[in-house]
Amino acid sequence: MDIDLSGIKKSMTQDEAIKEFWEPIGMADFQSDSFDRDGFWAIAMSYGEPDSAIFLGEKIDAISDDLLSFSEYGVNYDPMGENSGDEKFESIQKEDRLILCSHPESDPSQDCDIFVMIKN
């Protein structure tokens with residue numbers, strides 16, 4: 001694995017995650033079933049808005065290496081396995097989360113993947 005998710009120490013509930021990532025842009029109902037499992041999640045942010053929430057796995061050891069591999073776009077998260085590359089971009093640790101910049105030329109808060117841990 002190229003990303004060490006063990007840096008994520010704090011967990012949040014499903015309700016807290018939905019409120020933080022979806023309500024600010026009015027998508028809470030659209031994604032009301034997101035974060036329905038305990039474990040690690042990746043939230044893709046595009047242009048500063050949540051784009052998708054993808055379940056990675058309950059435990060770090062159970063997450064496939066392919067889900068956390070290098071990508072030509074800079075983020076080390078490539079769920080489709082279509083963007084293999086060799087550029088590694090440093091992740092940002094912020095408030096017990098891992099943040100990876102999806103496009104190195106843009107603002108990390110605009111285009112990034114945020115890794116969080118859900119505990120219901």
Side-chain angles (χ1 to χ4, degrees):
M1 263 181 217
D2 300 318
I3 300 174
D4 181 8
L5 296 179
S6 66
I8 305 174
K9 302 295 184 190
K10 182 181 177 184
S11 60
M12 61 178 59
T13 66
Q14 178 189 25
D15 288 343
E16 289 170 336
I18 290 173
K19 180 177 180 181
E20 177 171 348
F21 293 109
W22 301 113
E23 283 187 354
I25 58 171
M27 294 179 65
D29 291 337
F30 180 69
Q31 293 290 339
S32 61
D33 60 345
S34 292
F35 312 111
D36 60 347
R37 285 173 281 181
D38 290 355
F40 294 91
W41 289 77
I43 297 96
M45 303 285 288
S46 299
Y47 305 109
E49 296 184 352
D51 191 35
S52 62
I54 301 171
F55 179 69
L56 299 173
E58 184 178 358
K59 298 181 187 287
I60 293 174
D61 294 341
I63 301 172
S64 167
D65 289 352
D66 294 338
L67 290 178
L68 299 172
S69 61
F70 294 145
S71 156
E72 65 181 284
Y73 299 111
V75 67
N76 297 332
Y77 168 62
D78 183 19
M80 303 305 291
E82 297 171 347
N83 298 311
S84 60
D86 57 7
E87 293 187 63
K88 183 174 181 179
F89 292 84
E90 189 173 343
S91 61
I92 303 166
Q93 187 78 34
K94 183 178 179 183
E95 297 177 7
D96 296 317
R97 298 176 190 168
L98 293 178
I99 301 174
L100 295 158
C101 184
S102 303
H103 298 81
E105 71 282 356
S106 66
D107 182 345
S109 66
Q110 292 294 312
D111 298 299
C112 63
D113 290 327
I114 301 172
F115 295 85
V116 298
M117 188 167 53
I118 304 296
K119 178 81 172 164
N120 293 316

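- Rounding to the nearest 0.5 Å places CG of L5 at 5.5 Å from CD1 of I60.
- Between the side chain of Q14 and the backbone N or O of R37, no donor-acceptor pair lies under 3.5 Å.
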Under the criterion side chain to side chain donor-acceptor pair (under 3.5 Å), I'd like the reasoning laid out for T13 against D15: C-alpha separation, chi angles, the key distance, then a yes or no.
CA-CA 5 Å; T13 66; D15 288 343; 5.3 Å; no
Determine, stepwise, if the pair R97 / M12 fulfils side chain to side chain contact (heavy atoms under 4.5 Å, CB included).
CA-CA 11 Å; R97 298 176 190 168; M12 61 178 59; 3.1 Å; yes
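- To the nearest 0.5 angstrom, D36 atom CG is 5.0 Å from W41 atom CH2.
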Run the side chain to side chain contact (heavy atoms under 4.5 Å, CB included) test on I43 and F35 for me, step by step, so that the C-alpha distance in whole Å, both residues' side-chain angles and the decisive distance to 0.1 Å come before the verdict.
CA-CA 10 Å; I43 297 96; F35 312 111; 3.8 Å; yes
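- In this structure, E16 does not pair ionically with K10, as no charged nitrogen and carboxylate oxygen lie closer than 4.0 Å.
- No donor-acceptor pair under 3.5 Å is formed between the side chain of D113 and the backbone N or O of A42.
- Residue M117 holds its CE atom at 10.5 Å from CG of L98, rounded to the nearest 0.5 Å.
- The heavy-atom pair separating S11 from K119 by the smallest distance is OG-CB, 3.4 Å.
- Between I118 and A17, the shortest heavy-atom contact is CD1-CB, 3.8 Å.
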